[in-house]
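What follows is a structure written as structure tokens; I'll ask about it next.
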There are 2 protein chains.
Amino acid sequence: MKNVTKRQHEVILFIQDHLKAHGYPPTIREIGSHFSFSVKAAFDHVKALEKKGILRCNENRSRAIEIIHEAYLPKDEGLDIPLLGNVAAGVPLLSEENFDRMIKVPKQMLADTGQYYALLVKGESMHDAGIFDGDIAVIKYQQQADNGDIVVARVQDEAVTLKRFFRENNRVRLQAENEEYLPLYTQEVQILGKLQMIIRDYT
Amino acid sequence: MKNVTKRQHEVILFIQDHLKAHGYPPTIREIGSHFSFSVKAAFDHVKALEKKGILRCNENRSRAIEIIHEAYLPKDEGLDIPLLGNVAAGVPLLSEENFDRMIKVPKQMLADTGQYYALLVKGESMHDAGIFDGDIAVIKYQQQADNGDIVVARVQDEAVTLKRFFRENNRVRLQAENEEYLPLYTQEVQILGKLQMIIRDYT
DNA sequence: TTCATAACTATACCTTTGTTTCGTAGAAGT
DNA sequence: ACTTCTACGAAACAAAGGTATAGTTATGAA
């Protein structure tokens, strides 16, 4: 939060290193020894960092130092999002029946907010958009869409499909990107998310 | 290593959960309380797990439990691989001039071994393979390829290209996947890697 | 049957570790 | 000038937490 002093910064770095090396934080005394200064000095530093909102300490508990400030947290890994393997007709999207496994997606590529899930693409209906059978489609959950968005939609309790979305006068056009597929016109469509990313594995 | 009993497995799961929730491992007593059994029981379990090579404990140190066994380690995050933004002609592939930034790729999707890098796809030469301008191509570095592989190749010191590889009698055919592009025949081709993954961002 | 291991309870050390008290000193702000 | 903050030290206290002792019960292998 506030401006961290140079010494305090060194202390955080040591805590981070210790966490990385051992999987658990150092004790106050271990911090002290490392900088070869007194227990009290280490204690003061930790408390100062706690007051500044960098750390959180569980009182009277050993080694209970958590890094809570964003800037000092380990570089964000991936986001675990559920891969819905076989989205059945008539079943709520995020139900267990649909669940296959979790996949990791680089967090940096997704917005901070929002709920995400992934689908295994079936069929070639979006072939011309470069989305092939077997691709993983990462979807951001949202219930409305803009014209031209590629969305996950469910029409009348059937299985979900990936289509391009267009709102027309008094209906919605769900357009496949494949000449062999005709557009689907409907008035009752449930939008279940918008395509954010395509991942294709060649291994 | 050995066969972990059901109880022991529960204990590991608790340690993992605690680590995830607090950033540091539980104490022996905290393990005991969670399962509402005695301190000694918890102690025995931890020691048993240590003997089996799942955990490592630092003697007489509080909360000094490390998970060392692969299978129980936190699911590996992403792999940082360099994104080569603009691969210049005549310049070594992994030189600084080509370097753009690092991207995180879910490790689970790549083999354990091998050196990886990523390219930003330019142009539509692989359009029919569902690889579009702006896509990120994750490449495994290797200098040979099998027929039909999509490879990164450099022909006579020009900029690198992504093409499908075919070895013919006394030459190599580098085939774009786009009707507007003609195949390139050459005898001097340098293979710089094989396509492993395509990532397309719609955000 | 015997022996080893797993899975515990209860209680008691005793080391580790967080915390406090009592100080010193410089820098910065009011 | 006065207070606040940073930055330390030495020593002591008390709570937290690892470890040990002395059992019990059940299971499966030898």
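Note that these values count all heavy atoms, side chains included, but never hydrogens, waters or copies made by symmetry. For clarity, every value in this text was computed on a predicted model and none was experimentally measured. By convention in this document, chain letters (A, B, ...) are assigned in the order of the sequence lines, proteins followed by strands, and residues within each chain are numbered from 1.
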Between N or O atoms, less than 3.5 Å apart, protein on one side and nucleotides 21-30 of chain D on the other: list the pairs.
none

Is it the case that the side chain of A/D135 and the backbone of A/I198 share a donor-acceptor pair, with hydrogens and angles ignored and the cut-off at 3.5 Å?
no
Determine to 10° how strongly the helix from C/dT1-D/dA30 to C/dT30-D/dA1 is bent, judged from the axes of its five-pair ends.
30°
Test your reading of the model: is there a side-chain donor-acceptor pair from A/R200 to the backbone of B/G130, 3.5 Å cut-off?
yes
Each nucleotide in nucleotides 13-18 of chain C should get exactly one letter: B, S or -. Can you fill that in based on protein heavy atoms under 4.0 Å?
---SBB
For atom NZ of B/K51, decide whether the heavy atoms of other residues, nucleotides or ligands shown that lie under 6.0 angstrom number more than 12.
no
Which nucleotide wins on minimum distance to the side chain of A/A41, given the candidates C/dA10, D/dC8, D/dT6?
D/dC8
What is the nucleic acid contact for A/S36, judged by heavy atoms within less than 4.0 Å: base, sugar-phosphate only, or nothing?
sugar-phosphate
Can any side-chain N or O of B/R63 pair as donor or acceptor with the backbone N or O of A/S62 at less than 3.5 Å?
yes
Please check: side-chain N/O of A/D201 versus main-chain N/O of A/T203, any donor-acceptor pairing under 3.5 Å?
yes
Atom pair distance, as rounded to whole Å: CZ in B/F35 and C1' in C/dT9
17 Å
Could you state the atom-to-atom distance from CD of B/Q8 to P of C/dT5 in whole Å?
13 Å
Under 3.5 Å, is there a donor-acceptor pair between the side chain of B/N147 and the main chain of B/R167?
yes
Mind running side chain to side chain contact (heavy atoms under 4.5 Å, CB included) on A/Y24 and A/H18 for me, showing each step along the way?
CA-CA 7 Å; A/Y24 50 82; A/H18 195 283; 3.8 Å; yes
Could you check whether any side-chain N or O of A/Q16 sits under 3.5 Å from a backbone N or O of A/Y72, counting only pairs where one atom can act as donor and the other as acceptor?
yes
side-chain N/O B/H45 vs C/dA6 OP1/OP2, d < 4.0 Å:
no
Classify the ring geometry of B/Y141 against B/Y117: parallel below 30°, tilted from 30° to 60°, perpendicular beyond 60°.
tilted
Rounded distance in Å - CG (B/L49) to P (C/dT5)
16 Å
I need the CD-C1' distance between B/E10 and C/dC8, as an integer number of Å.
14 Å
Under 6.0 Å between the ring centres of A/F37 and A/H45?
yes
A/R164 side-chain N/O to A/G148 backbone N/O, donor-acceptor pair under 3.5 Å
yes
Side-chain N or O of A/K51 less than 4.0 angstrom from OP1 or OP2 on D/dT4?
no
